[in-house]
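Here's the structure, in structure tokens; my notes come after.
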Protein chains: 2
Amino acid sequence: MGRVEAKVGAMHNATSPSNKVPRTERGRRTLAKLLEAAAAEFGERGYHEASITGITQRAGAALGSFYTYFDSKEQVFRALVSHMGHLTRKWIAERVESAPNRIVAERIGLEAFIEFVRAHKDLYRIVMEAQFVAEDAYRDYYAVFEEAYRRNLAVAGERGEIRPGHDEVRAWALIGMNVFLGLRYGVWDDSLSAAEVAAAAGDFMAFGLTPAPKAR
Amino acid sequence: MGRVEAKVGAMHNATSPSNKVPRTERGRRTLAKLLEAAAAEFGERGYHEASITGITQRAGAALGSFYTYFDSKEQVFRALVSHMGHLTRKWIAERVESAPNRIVAERIGLEAFIEFVRAHKDLYRIVMEAQFVAEDAYRDYYAVFEEAYRRNLAVAGERGEIRPGHDEVRAWALIGMNVFLGLRYGVWDDSLSAAEVAAAAGDFMAFGLTPAPKAR
DNA sequence: GTGAAACATGAGTCAACATTCAAGTTAGAA
DNA sequence: TTCTAACTTGAATGTTGACTCATGTTTCAC
């Protein structure tokens with residue numbers, strides 16, 4: 001399961017304000033342990049079942065130490081959601097950059113996404129649950145993906161790599177496909193390889209449902 | 001917002017066992033009021049924020065009456081999820097049955113789905129939240145859809161209406177597209193008409209991203 | 001070496017419900 | 001009409017868990 005770097009605690013954007021930044025080495029270690037523990041606790045038990053006690057016990061810290069670094073239960077959760085966004089994009093971007101065109105990139109991106117989800121089931125659950133715990137963080141998470149998809153589709157469109165179309169709607173269609181295939185084949189069931197799923201879905205993304213015209 | 005028929009209380013499948021069935025007219029009315037109130041309360045506040053007190057107040061009933069009809073908070077929630085599955089499938093099936101082929105059916109189905117979500121935002125939220133409140137109910141919900149999609153794709157494949165492919169993966173890809181387009185354009189934003197979204201996504205479902213070959 | 005700022009600790013506070021139950025009221029079959 | 005099962009009521013119970021705080025310990029800049 002993915003290590004949650006202490007870096008998360010140092011972010012200072014709109015969705016995860018003011019986690020106190022530790023000033024000593026000891027503090028940084030404690031913060032890192034707490035973040036990792038929080039990811040595990042939320043991932044395994046879900047936001048509401050998770051308890052601060054559970055987090056501090058996993059971290060080997062005292063209950064009160066949690067509040068040295070976080071203002072509330074919800075705040076760590078938000079930090080984790082935001083962290084997950086960065087991790088996911090980094091992972092996928094690294095694998096997709098060598099793709100020769102957008103259509104191949106989508107297949108590779110899906111394969112990478114499924115692999116990522118399998119390697120971070122706990123963190124992925126946190127992202128999905130954000131819809132009900134911190135809806136704005138959830139929307140932000142997908143807004144960034146939407147933006148990236150639209151840009152990618154627009155560029156590919158100009159290059160003639162893809163069919164013209166409604167990029168915003170196609171962006172969300174692609175996001176939905178990725179998320180549900182990630183849930184079904186990444187979280188729920190490992191029996192198909194990521195490559196197999198990506199190949200099957202890649203054909204669909206490339207050619208849709210319309211049959212190839214008859215050879216004559 | 002959708003009326004929740006008292007019928008829900010009479011179901012007796014695995015996911016919603018033993019809600020007590022009322023024996024008098026008064027009882028049936030109270031049960032119906034409670035179900036409707038529960039849908040509104042869960043839909044507006046989410047499962048954990050929702051309270052039984054909130055439900056009975058909306059229903060104009062006493063707190064204790066809730067437990068005359070339901071065993072627990074979770075049980076009403078499950079009943080509502082299951083109910084939503086039936087409503088959704090009925091709504092879509094009615095609109096899709098006149099479609100001449102599978103590809104058109106998918107476009108019409110998406111349009112109907114977006115309309116349905118818009119008309120039942122509260123109930124739809126309940127379904128999505130089920131992933132974290134009653135995971136088995138959530139899986140069951142989508143298992144039924146998967147089954148239907150696979151059958152539809154298999155039949156269409158035999159008829160040569162669609163390209164051969166991996167029907168299970170395509171089923172989940174389609175489900176994901178529908179769910180996310182429903183969330184984005186049904187729940188979050190009404191500015192595009194359902195037909196516009198369905199037209200744009202329909203083109204993608206039909207032809208994918210590959211550009212049309214150059215006319216010569 | 002030292003003292004102030006950082007950090008750690010965990011018992012205690014407090015509010016929020018889900019659920020129970022004993023005491024009533026009403027419906028409707030006979 | 002009568003009587004019992006069905007239904008209603010809301011105060012009381014009990015648990016849970018986020019968050020506070022006063023006290024103690026460690027770090028590290030000087």
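In the text below, chain A, chain B and the rest are named by the order of the sequence lines, each starting its count at 1.
- Within 4.0 Å of A/A59, counting heavy atoms only, lies no atom of the nucleic acid at all.
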Output, in order, the C-alpha distance, side-chain angles, deciding distance and verdict of side-chain contact (heavy atoms from CB on, under 4.5 Å) for B/M128 and A/F132. CA-CA 9 Å; B/M128 294 187 292; A/F132 306 100; 3.5 Å; yes

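- Between B/F145 and B/Y142, the ring-plane angle classifies as tilted under the 30° and 60° cut-offs.
- Residue A/T30 places at least one side-chain N or O closer than 4.0 Å to OP1 or OP2 of C/dA8.
- Atom CG in A/L31 sits about 16 Å away from atom P in C/dA6, given to the nearest Å.
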Just the atom pairs and distances: protein N or O near nucleotides 19-22 of chain D's N or O, under 3.5 Å.
unit_1	atom_1	unit_2	atom_2	d
D/dC19	OP2	A/Y67	OH	3.2
D/dC19	OP2	A/K73	N	3.0

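- For the pair A/R45 CZ and D/dT16 C1', the computed distance is 12 Å after rounding to whole Å.
- Listed nucleotides C/dT9, C/dC7, D/dT9 differ in distance to A/S65; the shortest reach to its side chain belongs to C/dT9.
- Separation of atoms CG (A/L80) and CG (A/D122) is listed at 8.5 Å; rounding is to 0.5 Å.
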Check the pair A/M84 / A/I126 against side-chain contact (heavy atoms from CB on, under 4.5 Å), numbers first and verdict last. CA-CA 9 Å; A/M84 184 65 176; A/I126 290 173; over 6 Å; no

Polar atom pairs between nucleotides 22-30 of chain C and protein, under 3.5 Å, N or O only, would you list them?
none

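- For B/R170, the side chain to side chain donor-acceptor pair (under 3.5 Å) test picks out B/D167, with sequence neighbours left out.
- Taking CD1 of A/I162 as the start and CG of A/L153 as the end, the distance is 4.5 Å to the nearest 0.5 Å.
- Checked against the 6.0 Å centroid criterion, the rings of B/F113 and B/Y124 qualify as a close aromatic pair.
- The nearest whole Å value for the distance from the CD atom in B/E49 to the C1' atom in C/dA18 is 15 Å.
- The interatomic distance linking A/H48 (NE2) with D/dT15 (C1') rounds to 18 Å, in whole Å.
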For A/D190 and A/Y185: C-alpha separation, side-chain torsions, deciding distance, then whether side-chain contact (heavy atoms from CB on, under 4.5 Å) applies. CA-CA 6 Å; A/D190 285 7; A/Y185 297 103; over 6 Å; no

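- Every pair passing side-chain hydrogen bond (donor to acceptor under 3.5 Å, both in side chains) that includes a residue from residues 45-57 of chain B is listed here, sequence neighbours excluded: B/E41-B/R45.
- When rounded to the nearest whole Å, the span between NZ of A/K33 and C1' of C/dT9 equals 13 Å.
- Residues passing the side chain to side chain donor-acceptor pair (under 3.5 Å) test with A/S193 are A/E196, sequence neighbours excluded.
- Put simply, CD on A/Q57 is 11 Å from P on C/dG10, counting in whole angstrom units.
- With a cut-off of 3.5 Å on both pairing distances, the Watson-Crick and G-U wobble pairs of DNA chain C assemble into stems of 3 or more at C:1-30 with D:1-30.
- Judged by the 6.0 Å and 45° rule, A/R89 forms no cation-pi pair with A/W91.
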